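Notes follow the structure.
Worth knowing before you read on, the calculation uses all heavy atoms, side chains too, and leaves out hydrogens, waters and symmetry mates. Model, not experiment: these values are computed from the prediction.
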Amino acid sequence: MSIELLSSVRCFAGEQRRYQIDSEALSGKTIFSLFLPEASTATSVPVLLYLSGLTCTDENAVTKAGAQRVASALGIAVVFPDTSPRGEDVADDPAGAYDLGLGAGFYLNATQAPWSQHYRMETFVVEELLTVLSQIGAVDTTRVGVCGHSMGGHGALTLALKYPGKFTSVSAFSPICAPASCPWGQKAFNAYLGPDNDEWKQHDASELIRAGAKPFPLLIDQGSADPFLAEQLRPEVLLSACEDRDFSVTYREHQGFDHSYFFIASFIEDHLRFHATHLTSS
């Protein structure tokens with residue numbers, strides 16, 4: 001696989017890198033960012049995948065989340081993939097909507113035309129990206145956590161639930177908890193997966209938990225002033241499923257915080273330390 005290092009800059013006691021690869025899963029080139037702590041020069045370190053939300057690229061969380069300082073101190077690598085395939089030949093919403101098409105891959109494998117040729121973020125994240133990281137070296141791909149925000153929180157939850165054992169620990173900021181029953185999810189699922197509601201349930205964290213998915217260490221943070229909380233995120237559906245299935249989750253709602261990166265930056269240290277506890281002891 002062709003792996004091109006686009007840039008590398010010193011950041012705290014480590015390096016913030018940016019790579020481009022030819023992705024088989026996405027049928028084209030894709031870019032991801034990777035923070036490597038100084039500890040990775042001596043030994044392979046555990047890695048956290050950070051999945052961003054709607055409209056983001058790999059760069060949003062890199063510049064806004066403030067993860068590098070704590071990741072450097074903890075000796076954890078953090079990788080930031082893009083949120084969708086990119087390129088002139090990649091399908092996009094003809095109306096230019098932000099919640100479908102470019103920047104809105106929803107971390108699934110599309111089955112419907114014209115999306116199915118490129119929109120395979122599920123395979124990219126759980127298979128190809130980890131393979132690429134093992135080729136780059138410096139990270140231990142047997143110790144992997146996953147974290148995400150909004151659409152990326154949905155991705156972190158559903159991929160961990162669908163692929164038991166792939167991720168040691170999981171956390172999310174303001175995740176889309178029940179996409180099969182919210183406008184963002186219904187729009188994306190109908191386009192990418194077609195009208196089969198049973199197929200939608202395979203990409204819905206609440207439904208996967210109700211179906212008996214295996215538990216894992218899980219932390220969720222949500223802002224009480226999030227404008228998308230009631231209609232789009234619906235954490236109460238997830239919490240109900242967790243209670244019914246005795247699926248342990250640490251859920252924290254923070255008064256006055258919204259959906260922005262100011263919220264993420266306020267609590268990213270908690271998430272990194274949560275993952276470190278599990279990744280460095282496994």
Which is it for Thr30 and Phe124 under the side chain to side chain contact (heavy atoms under 4.5 Å, CB included) test, yes or no, and what are the steps along the way? CA-CA 10 Å; Thr30 192; Phe124 176 73; 3.8 Å; yes
Once side chain to side chain donor-acceptor pair (under 3.5 Å) is applied, do any residues pair with Asp196, and if so which ones, sequence neighbours excluded?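 In terms of side chain to side chain donor-acceptor pair (under 3.5 Å), with neighbours along the sequence ignored, Asp196 is linked to no residue.
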Answer yes or no: is there a side-chain heavy-atom contact under 4.5 Å between [X] and [Y]?
X	Y	answer
Val249	Ile220	yes
His271	Leu219	yes
Ser174	Phe228	no
Ile21	Glu4	no

May I have the step-by-step check of salt bridge (charged side-chain N to carboxylate O under 4.0 Å, His left out) for Glu24 and Arg120, ending in yes or no? CA-CA 10 Å; Glu24 181 178 343; Arg120 297 180 55 81; over 6 Å; no
Would you list the pairs meeting ring pair (Phe, Tyr, Trp, His ring centres under 6.0 Å) in which at least one residue belongs to residues 21-48, sequence neighbours left out?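 Pairs touching residues 21-48 that pass the test: Tyr19-Phe32.
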Sequence neighbours left out, cut at 3.5 Å: what donor-acceptor pairs do the side chains of residues 238-245 make with other protein atoms?
| from | atom 1 | to | atom 2 | distance (Å) |
| --- | --- | --- | --- | --- |
| Ser240 | OG | Arg210 | NH2 | 3.1 |
| Asp244 | OD2 | Arg210 | NH1 | 2.7 |
| Arg245 | NE | Arg210 | O | 2.8 |
| Arg245 | NH2 | Arg210 | O | 2.9 |

Please check: side-chain N/O of [X] versus main-chain N/O of [Y], any donor-acceptor pairing under 3.5 Å?
X	Y	result
Trp200	Gly194	yes
Tyr119	Leu102	yes
Gln232	Cys182	no
His154	Phe106	yes

Spell out, yes or no, whether Tyr251 and Ile176 are grouped together once hydrophobic residues are joined by side-chain heavy atoms under 4.5 Å, including indirect joins.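 Yes; tracing contacts between hydrophobic side chains, which count when under 4.5 Å, links both residues.
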Between Phe267 and Phe263, is the gap from one ring center to the other below 6.0 Å?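 Yes, the ring of Phe267 comes within the 6.0 Å limit of the ring of Phe263, centre to centre.
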Phe216 vs Phe247 aromatic rings, parallel, tilted or perpendicular, using cut-offs 30° and 60°?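 Plane angle over 60°, so perpendicular.
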Using 30° and 60° as the class boundaries, would you call the ring planes of Trp184 and His259 parallel, tilted or perpendicular?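 Geometry flag for His259 against Trp184: tilted rings.
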Of Phe173, Tyr50, Tyr261, which meets ring pair (Phe, Tyr, Trp, His ring centres under 6.0 Å) against His149?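 Running ring pair (Phe, Tyr, Trp, His ring centres under 6.0 Å) over Phe173, Tyr50, Tyr261 with His149 returns exactly one hit, Tyr261.
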